[in-house]
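Down below is the structure, laid out as structure tokens.
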Amino acid sequence: MNQALVQDVVAEVMKRLGNKPSGHNGSAHTKRPGVRAGEEAGANEPQRRQTYAHPHSADVPTGQYGIFSKVDDAVAAATEAQKKLVRLSLDDRDAIVKLIKSLAKQNAQSWGKMELDETKIGRLDHKIEKLQILELVPGVEFLRTNANSGSNGVCLEEFAPFGVIGIITPVTHSVPTLSANAVNMIASGNSIVANPHPSGTQCAAVAVREYNKAIAAKFGIEHLITCIVPPTLETADQIFNHRGIPLLVVTGGPAVARAALGAKKRAIVAGPGNPPVVVDETACLKNAAASIVKGAAYDNNLLCIGEKQVFCVDSVFDKLMAELEHNGGFILNERQIEAVTRRAFALDPKDNKYHVHKDLVGKDASVLAEAAGVRIPPATQLLVGETDKDHLFVQHEQMMPFVPFVRVKNVDEAIDLAIESEHGYKHTAIIHSRNLDTITRFGRRASTTLFVVNGASPSGLGLGGQGYLSYSIATPTGEGITTPLTFTRYRRVMLTGSLRMI
Ligand code: NAD
């Protein structure tokens with residue numbers, strides 16, 4: 001795909017809206033979390049729009065191939081598309097899902113680069129891989145009718161679509177989340193209205209356009225996946241409150257999770273995490289070190305399931321640190337940790353609390369090392385270092401390739417502190433141990449949606465582990481790692497007194 005094509009659907013939409021493309025004006029993130037449209041802007045202030053400076057614009061006007069500037073228009077188009085979708089056979093739905101997966105794989109290199117160029121966070125190799133592995137996302141094969149026959153007839157339980165689903169996607173995996181949601185949701189007969197993260201919109205819009213183009217060419221449905229360009233808090237709010245959208249699926253951090261939980265309709269919420277790792281004296285330290293580096297360094301620790309802090313028993317602590325050095329880890333000393341912490345967190349005078357400094361989120365280990373005032377070997381994947389249990393890097397979901405290691409006297413202390421640092425998100429926890437009692441105890445007490453034993457966190461989503469993939473892990477609302485079934489309504493058909501063949 002050439003640069004002009006990759007660069008933008010958005011500039012054309014902006015042009016037609018009469019806005020000058022003038023760079024990022026940061027609508028969503030300059031506002032207070034959870035604030036509804038209009039509460040912060042003065043009543044007479046014109047609606048603030050996300051704008052993007054892109055000299056090359058692909059000629060795709062709003063209203064074509066799923067790109068819309070108005071939520072009402074997107075919902076109307078997605079509603080029509082969904083009616084057409086459910087008229088197709090399940091084999092056709094399966095073919096659409098496969099088309100999306102193959103387009104993601106085919107374009108993984110250019111879309112991965114496009115996403116990295118736009119969001120400026122993460123690693124290119126992993127941005128590409130996250131699209132290549134989309135084939136691990138389940139599709140139509142998950143819709144297996146439950147059937148039950150007996151003296152009174154035949155009972156079928158089927159999985160019906162909701163209709164149009166409103167989705168909110170994160171900047172950390174803009175195209176992967178949109179694509180995986182699309183696979184799951186279209187497999188179960190739904191269409192989509194997406195409000196992507198403002199800083200990951202162009203890449204999402206290009207993927208939406210390409211998916212719709214291919215689906216339209218083969219199946220005559222043009223707007224199965226719609227995308228709001230530009231997305232704002234106002235358009236998110238309109239999606240939350242639209243009568244044509246019966247279901248919301250929100251993937252993001254604490255503010256949007258809170259907003260979705262307060263919505264007046266059903267919301268499936270894939271919220272934040274702060275995954276702790278416990279390492280006890282029975283663990284294979286070589287495997288623990290390799291797994292921690294692999295998981296925490298993945299996309300520069302942008303994964304919500306990624307290892308964020310480690311609690312290791314004193315008796316093997318130094319040995320684990322030595323193993324980390326053999327596996328792409330670089331150990332920072334106290335002074336270097338202090339220096340990187342000063343750059344990574346900022347005290348907000350408004351609430352007198354420390355917040356993660358966005359500038360360092362998802363940046364390479366070399367950038368963090370520079371902040372720490374140290375030069376590191378080019379092969380370094382992850383920075384590590386010893387901290388106390390209350391350190392900012394331990395308690396915050398920092399999404400950076402520096403992982404703090406806390407020395408504890410025994411595994412009971414490790415489990416207590418790990419659970420405390422997870423803050424009740426019930427997202428992901430990891431343990432390295434050969435003691436089944438310890439594994440069971442931690443698993444039961446942590447009660448997280450994902451519990452990974454003796455592996456790297458991505459194995460919990462099918463990367464080097466058993467199981468299927470999703471980029472939306474519904475945590476506070478309890479649906480877990482989402483599948484096509486997550487986006488269905490259970491319907492029962494009862495054929496009384498007939499069709500029993502035995
Ligand atoms: P974010 O919360 O800043 O943004 C997520 C999305 O919500 C964006 O589209 C954003 O524009 C929108 N948004 C933010 N505040 C909103 C509000 N008040 N109302 C409506 N929309 C709002 O998060 P991010 O930085 O894009 O992504 C990282 C966060 O997402 C981390 O906390 C991570 O753990 C979480 N995450 C969770 C999962 C999961 O499956 N559970 C997957 C990926 C990311």
Side-chain angles (χ1 to χ4, degrees), residues 24 26-40 50 71 115 118-122 130 166-178 180-181 184 193-201 203-204 227-241 248-263 267-275 298-306 308 355-356 358 361-362 396-400 422-423 425-428 448-450 457-458 460-461 469-482 486:
H24 196 292
S27 59
H29 296 284
T30 51
K31 286 194 161 193
R32 267 190 296 125
V35 170
R36 295 212 173 244
E39 281 185 5
E40 282 202 343
Q50 192 68 41
V71 170
E115 181 156 345
E118 183 182 6
T119 61
K120 299 184 175 53
I121 53 173
K130 285 193 290 184
I167 70 168
I168 307 276
T169 54
V171 69
T172 45
H173 333 284
S174 186
V175 181
T177 308
L178 178 125
N181 279 180
N184 277 180
V193 174
N195 207 60
H197 192 289
S199 304
T201 300
C203 53
C227 180
I228 305 299
V229 179
T232 62
L233 277 189
E234 287 80 2
T235 55
D237 202 52
Q238 286 163 17
I239 289 172
F240 279 20
N241 291 300
L248 299 172
V249 178
V250 167
T251 308
V256 72
R258 263 197 310 275
L261 290 169
I268 293 171
V269 179
N274 195 34
Y298 199 91
D299 215 12
N300 285 338
N301 216 347
L302 289 182
L303 293 183
C304 56
I305 60 166
K308 296 290 188 294
H355 294 270
V356 173
K358 298 266 179 203
V361 166
H396 286 256
E397 187 197 21
Q398 83 276 6
M399 296 190 288
M400 297 173 200
E422 214 267 326
H423 305 305
Y425 291 132
K426 301 218 180 306
H427 197 299
T428 298
T448 47
T449 307
L450 200 55
S457 57
L461 292 183
L469 171 69
S470 169
Y471 293 109
S472 296
I473 303 163
T475 37
T477 48
E479 293 81 0
I481 297 151
T482 51
T486 311

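All ligand and atom numbering here is 1-based and tracks the order in the structure.
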Given [options], which one has a non-hydrogen atom that is nearest to [atom]?
| atom | options | result |
| --- | --- | --- |
| atom 20 (C) of ligand 1 | A236, S174, P176, A180 | A236 |
| atom 8 (C) of ligand 1 | T169, I481, V256, T428 | T169 |
| atom 29 (C) of ligand 1 | S472, P231, G253, P170 | G253 |
| atom 25 (O) of ligand 1 | V171, V361, I239 | V171 |

Looking at T169, D237, T232, T235, which one forms a side chain to side chain donor-acceptor pair (under 3.5 Å) with N195?
-> T235
Among all residues two or more places apart in sequence or in another chain, which pass the salt bridge (charged side-chain N to carboxylate O under 4.0 Å, His left out) test with K130?
-> D299
Flag the pair L178 / P196 as yes when at least one side-chain heavy-atom distance between them is below 4.5 Å, and no otherwise.
-> no
With a 4.5 Å heavy-atom cut-off, do I473 and L461 have their side chains touching?
-> yes
With sequence neighbours excluded, what pairs up with P272 under the side-chain contact (heavy atoms from CB on, under 4.5 Å) test?
-> P254, A257, E397, Y425
Tell me which part of T251 gets within contact of ligand 1: side chain, backbone, both or neither, using heavy atoms under 4.0 Å.
-> both
Classify the contact between H173 and ligand 1 as side chain, backbone, both or neither, using a heavy-atom distance cut-off of under 4.0 Å.
-> side chain
Going by distance alone, is a donor N or O of one side chain under 3.5 Å from an acceptor N or O of the other, for S472 and T251?
-> yes
Does any N/O atom on G271 come nearer than 3.5 Å to any N/O atom on ligand 1?
-> yes
Looking at [X], which atoms of ligand 1 are within less than 4.0 Å of one of its heavy atoms?
| X | answer |
| --- | --- |
| P196 | 9 (O) |
| G273 | 34 (O) |
| P198 | 11 (O) |

Mark yes or no for whether E422, through its side chain, and H427, through its backbone, hold a donor-acceptor pair below 3.5 Å.
-> yes
Kindly compute the distance separating CD1 (I228) from CD1 (I239), expressed to the nearest 0.5 Å.
-> 5.0 Å
Is there a heavy atom of H427 sitting under 4.0 angstrom from any atom of ligand 1?
-> yes
